[in-house]
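Data block below; observations after.
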Amino acid sequence: MLDLRLIRERTEWVKQELSKVGCLPEEVDAVLAEDARRRALLQKVEALRARRSEISRMIPKLGPEDQEIRKEEVRNLGSTLVSLEAELAQVEKQLESKLLLLPNLPDPSVPLGRDERDNQIIRTVGEPPHYSFQPRPHWELGPALGIIDFERGVKIAGSRFYILQGWGARLQRALITWMLDVHTKEHGYTEIYPPYLVKRECLVGAGQLPRFADNIYHDAEDDLWLIGTAEIPLTNLHRDEILEASQLPLSYVAYTACFRREKMSAGRDVRGIKRGHQFDKVEMYKLTAPEDSSAALEQIVADAEDIARRLGLAYRVVLICTGDLGAVAAKKYDIEVWAPGCGEWLEVSSCSNCTDYQARRSNIRFRRASGRKPEFVHTLNGSGLALPRIMIALLETYQQADGSVIVPEVLRPYVDADRIVPPT
RNA sequence: GGAGAGGUGGCCGAGAGGUCGAAGGCGCACGCCUGCUAAGCGUGUGUAGGGCUAAAACUCUACCGAGGGUUCGAAUCCCUCCCUCUCCGCCA
């Protein structure tokens, strides 16, 4: 959510900035129109209320017959108030729903662009490996090794579900534990285990609603929503709180399952485990003072890269252009790892500086010093990393001619094996 | 799920229809005093949205779990819901 005052005072600039992320100037005008209506109504309503309490306060001091006259007067005031207040509530609702639909302002350092083709590759780290044989995709390797079972996943839960088994399940669990260990012990994050089902207002706070309702699993009976990312509960951890400046920055890391309906991606990436309805992810999250968020974004990217690098994977860092930025982020980097079997760069992390967009929606503030006005914090998130695609990259990168897969050095204490071999 | 108790400012805690944004205390901030990381004294200390301002000051409105209702007037009375605690039941 944007600052309404900013929209009022720097209208043309806001329109210009939002046009970069595909938001029409008319949407800004619509917000301003509601805002003007709201303020006009509010002034009327408040003047009436002030008059009403003024008279009410003097009633007990009057004689009986004067009291009756005044009571009648206030009754009349009250009935006009009722209708004006209803109108005001209506306008406020309109204003809020329009305001919630405006995307975040892009950071000045974000390159202009229309879509993902205009994203910029910032750096590529590590060499895509070469093989003396034709590397196989993970959807062949997994079943051959007896570690991924597609058919039974579909039998149990339908398409886009799969089962990890034996060393596959163990490898994923090892990855999760190792990543959490690195982030908590070396990168300074505090581990969180959050709920996977959250209330509707959490989705609004994180910016998933009202825009992206299609992609979220929803339990209608209790109005609980399955999280598509740990970013959602983490954003809401400090909702409606005023933090002390000394608490910032806060750094959290959470491992969760994530659930996505993938309605928008029907037919895309249906092969393998690249895009399932349920997947696991380790997510980093930071809350900072506004002036610290730019540096914090670079830090989150560095923390995510550290994981990819220590796993020995070839990866690249991509700076997302304005047209591909989405509604919430002011600036975003993706990290993509090379998967030699399926021959593509896979997005394993998306790191965003959301500036005050989520903080405003979620009402997360901090106070620089006692007596000072509270200010909105900046929030940042980044995957560190997404499990299925890291599994893909590992299996495909470390496959051997004999069909076995080498376990990367850093994971061996966690997997308790240095190689995964096909069943005999 | 059943029975009971309760939800008030950063925290504790009064208030039980009429200047109550809310006593008192703790905490915090500033000042004074005191030569010795103690004590004392004084002052201040919620949030949001309007109006007026260059900005303040100032002023208005709302908020005592949430939403309705009664009333000239509700933190105070009534209804519904949510949450917490205790006991019982059930359960990984």
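To find a chain, count down the sequence lines: A is the first, B the second, and so on, and within it residues start at 1.
- Across the strands present, B:G89 finds no partner; the criterion is a Watson-Crick or G-U wobble pair with both atom distances under 3.5 angstrom.
- Pairing for B:C36 is absent, with no Watson-Crick or G-U wobble pair whose two atom distances lie under 3.5 Å.
- Rounded to whole Å, the C1' atom of B:G10 lies 31 Å from the corresponding atom of B:G4.
- Of the nucleotides present, B:G18 is the one that pairs with B:C72 by Watson-Crick or G-U wobble criteria, both distances under 3.5 Å.
- Cation-pi geometry between A:K286 and A:Y189 is met: under 6.0 angstrom from the ring centre, within 45 degrees of the axis.
- For the OP1/OP2 pair of B:U19 and a distance below 4.0 Å, the side-chain nitrogens and oxygens of A:K61 include no atom meeting the criterion.
- The aromatic rings of A:Y217 and A:H277 sit perpendicular to each other, their planes meeting at more than 60°, with 30° as the lower class boundary.
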Task: Base-contact (B) and sugar-phosphate-only (S) positions in nucleotides 66-78 of chain B, heavy-atom cut-off under 4.0 Å, - elsewhere - done: ------BS-----

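- Regarding A:L41, its CG atom lies at a distance of 14 Å from the C1' atom of B:G49, rounded to whole Å.
- Nucleic acid contact class of A:K199 (heavy atoms, under 4.0 Å, all strands): none.
- Partner assigned to B:C58 is B:G51, using Watson-Crick or G-U wobble distances below 3.5 angstrom.
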TODO: Before giving the answer on side chain to side chain contact (heavy atoms under 4.5 Å, CB included), spell out for A:K15 and A:T11 the whole-Å C-alpha distance, their side-chain angles and the decisive distance to 0.1 Å.
DONE: CA-CA 6 Å; A:K15 282 181 183 174; A:T11 309; 3.8 Å; yes

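- For A:S53, a side-chain nitrogen or oxygen approaches OP1 or OP2 of B:U61 to under 4.0 Å.
- Between A:R365 and B:A48 there is a side-chain polar atom (N or O) within less than 4.0 angstrom of OP1 or OP2.
- Taking the C1' atom of each, B:U59 and B:G17 are spaced 28 Å apart, rounded to whole Å.
- The 5' end of RNA chain B is approached more closely, in terms of each residue's nearest nucleotide, by A:I242 than by the other of A:I242 and A:V45.
- Shown here is A:R75, whose CZ atom has more than 12 heavy atoms of other residues, nucleotides or ligands within 6.0 Å.
- Only the P atoms considered, B:A23 is 15 Å distant from B:C64, to the nearest whole Å.
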Collect all protein-nucleotide pairs involving nucleotides 50-57 of chain B in which both atoms are nitrogen or oxygen and the distance is under 3.5 Å.
{"from": "B:G50", "atom 1": "OP1", "to": "A:R8", "atom 2": "NH1", "distance (Å)": "3.3"}
{"from": "B:G50", "atom 1": "OP1", "to": "A:R8", "atom 2": "NH2", "distance (Å)": "3.2"}
{"from": "B:G50", "atom 1": "OP2", "to": "A:R5", "atom 2": "NH2", "distance (Å)": "3.2"}
{"from": "B:G51", "atom 1": "OP1", "to": "A:R39", "atom 2": "NH1", "distance (Å)": "3.2"}

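- As the counterpart of B:G27, B:U45 is assigned, both hydrogen-bonding distances of the Watson-Crick or G-U wobble pattern falling under 3.5 Å.
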